[in-house]
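As a basis for the values below, the full set of heavy atoms in this structure was taken, side chains included, without hydrogen atoms, waters or symmetry mates.
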Amino acid sequence: MLRYIGYLLVAIMALALLAGGVVILIGGLGSRVAVPGTVRLIAFDDLAPVGGRGGAPRVLMQDLDYGGPCGGCLLVARFADGWAEPFWTNDKGYGIGRRRLNLPEGPTVFTVSLPATNPRLDIEAHGSIWLLPREARMLWVDTAAVVSQAAEAPDGPPAAASEALEALKHLAVERQVMYLVTAKAEQYPAVRHRLGAAFAPPGPVLWLGGDQVVQLALLRRMWPNVEAVLVCQPALAEAADKARVSHRRVPPAAPQPLESSAGVDTWSDVVKRLTFQSGGGTGWGDVK
């Protein structure tokens with residue numbers, strides 16, 4: 001009998017130590033996020049096929065006071081339907097929530113912030129999860145061809161290219177536009193905001209922050225019906241070549257002084273070719 005009581009006491013002590021560790025961990029986290037400081041939270045758009053595994057909230061949290069990532073931070077993603085999902089950032093400041101299934105087709109907006117136990121109004125970010133059918137007619141666009149990707153809009157060139165916007169509005173009537181962002185993560189919110197402020201056709205704004213070749217190949221596999229890939233940056237064009245994704249060069253939103261126009265299509269030419277392709281002509285042919 002005493003032996004069983006001893007086992008019970010050992011189990012109780014183990015649970016007490018575990019609970020104490022959790023309290024210390026949460027308490028330390030709470031004291032950390034409660035300390036005043038400059039923190040930047042970025043929420044990215046995610047893209048998933050209809051009927052697939054679903055999309056997930058994706059964020060990056062940076063400590064601007066120390067110039068590094070905010071790792072080991074507890075965040076909560078909230079959706080309009082009442083769903084709330086807690087998740088942690090890793091040692092590089094990135095955090096990915098659990099995949100959401102059965103979302104409606106199109107964009108679903110989410111908000112990420114600190115838990116209600118340690119709220120800070122200045123730490124909040126908004127992102128979207130886009131669900132698109134695999135058979136969707138896709139038009140990939142280098143965001144740098146539409147809006148400025150600079151940290152701040154330059155004083156000379158416009159923040160948005162009017163010719164590119166007009167062309168995309170025409171092409172988006174029958175196609176789903178997908179924007180590719182190659183800027184630094186901290187510039188991503190400004191790029192997405194400029195697209196919205198310029199009334200660009202709606203579509204997922206995907207940050208290519210990892211291996212661009214792998215990301216482009218994966219996107220191509222998920223949505224094979226890509227009618228055109230329009231890029232203006234040489235590095236993105238090189239990544240598309242390595243991923244075996246055919247593309248066309250278009251002018252950048254902010255032209256460079258030494259840029260050559262050789263091999264670059266005008267936006268009016270893009271509209272004509274894709275319209276001809278949709279009308280039964282060969283156009284550029286299928287994107288292989």
Side-chain angles (χ1 to χ4, degrees), residues 19 22-23 25-34 39-63 69-136 138 176-181 185-186 188-193 195-196 200-210 215 218-219 221-223:
V22 172
V23 169
L25 178 61
I26 295 178
L29 175 64
S31 62
R32 174 182 174 181
V33 298
V39 176
R40 175 167 50 210
L41 179 62
I42 302 170
F44 303 100
D45 285 357
D46 193 22
L47 181 62
V50 174
R53 297 175 56 197
R58 299 174 184 270
V59 302
L60 171 62
M61 196 169 182
Q62 299 172 322
D63 187 336
C70 280
C73 293
L74 179 63
L75 298 170
V76 179
R78 297 177 175 86
F79 293 78
D81 61 2
W83 177 283
E85 173 69 24
F87 61 97
W88 298 78
T89 59
N90 61 18
D91 58 350
K92 296 183 179 180
Y94 292 99
I96 302 178
R98 187 168 53 179
R99 291 182 179 274
R100 285 219 58 186
L101 302 175
N102 303 320
L103 289 176
E105 184 176 328
T108 297
V109 178
F110 62 87
T111 301
V112 179
S113 61
L114 293 175
T117 54
N118 291 296
R120 274 185 57 173
L121 297 180
D122 61 323
I123 303 180
E124 183 176 276
H126 305 276
S128 300
I129 297 176
W130 284 76
L131 260 65
L132 299 177
R134 295 182 185 272
E135 65 275 10
M138 303 293 287
Q176 174 61 61
V177 181
M178 182 176 70
Y179 300 96
L180 305 176
V181 181
E186 48 266 28
Y188 171 85
V191 172
R192 189 173 57 185
H193 174 75
L195 287 171
V205 183
L206 301 182
W207 181 57
L208 303 181
Q215 290 175 293
L218 179 60
L219 289 171
R221 193 179 309 120
M222 288 289 187
W223 290 271

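- Counting heavy atoms from C-beta on, the side chains of Ser113 and Arg120 never come closer than 4.5 Å.
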What pairs of donor and acceptor atoms, side-chain ones from residues 100-108 against any protein atom, are under 3.5 angstrom apart with sequence neighbours left out?
residue: Arg100; atom: NH1; partner: Asp81; partner atom: OD1; Å: 3.3
residue: Arg100; atom: NH1; partner: Asp81; partner atom: OD2; Å: 3.0
residue: Arg100; atom: NH2; partner: Asp81; partner atom: OD2; Å: 3.0

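- Between Phe79 and Phe110, the ring planes lie tilted relative to each other; the angle falls in the 30° to 60° range.
- Residues Cys73 and Cys70 come closest through the heavy atom pair SG-CB, 3.8 Å.
- Residues Pro201 and Tyr179 have side chains in contact (heavy-atom distance under 4.5 Å, counting atoms from C-beta outward).
- Residues Val112 and Val76 fail the side-chain proximity criterion, which asks for heavy atoms closer than 4.5 Å.
- Two residues are said to be in side-chain contact when any heavy atoms from C-beta on lie closer than 4.5 Å; Asp63 and Pro69 fail this criterion.
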Could you pull out all donor-acceptor pairs under 3.5 Å where a side-chain atom in residues 123-135 meets a protein atom, sequence neighbours excluded?
residue: Glu124; atom: OE2; partner: His126; partner atom: NE2; Å: 3.4
residue: His126; atom: ND1; partner: Thr111; partner atom: OG1; Å: 3.0

Side-chain donor-acceptor pairs under 3.5 Å in residues 51-61, sequence neighbours left out?
residue: Arg58; atom: NE; partner: Asp46; partner atom: OD1; Å: 3.2
residue: Arg58; atom: NE; partner: Asp46; partner atom: OD2; Å: 3.4

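- Between Leu41 and Asp122 there is no side-chain heavy-atom pair separated by less than 4.5 Å.
- By the 4.5 Å heavy-atom criterion applied to side chains, His193 and Tyr188 are not counted as neighbours.
- The CG atom of Leu206 sits 7.0 Å away from atom CG of Asp45, with the distance rounded to the nearest 0.5 Å.
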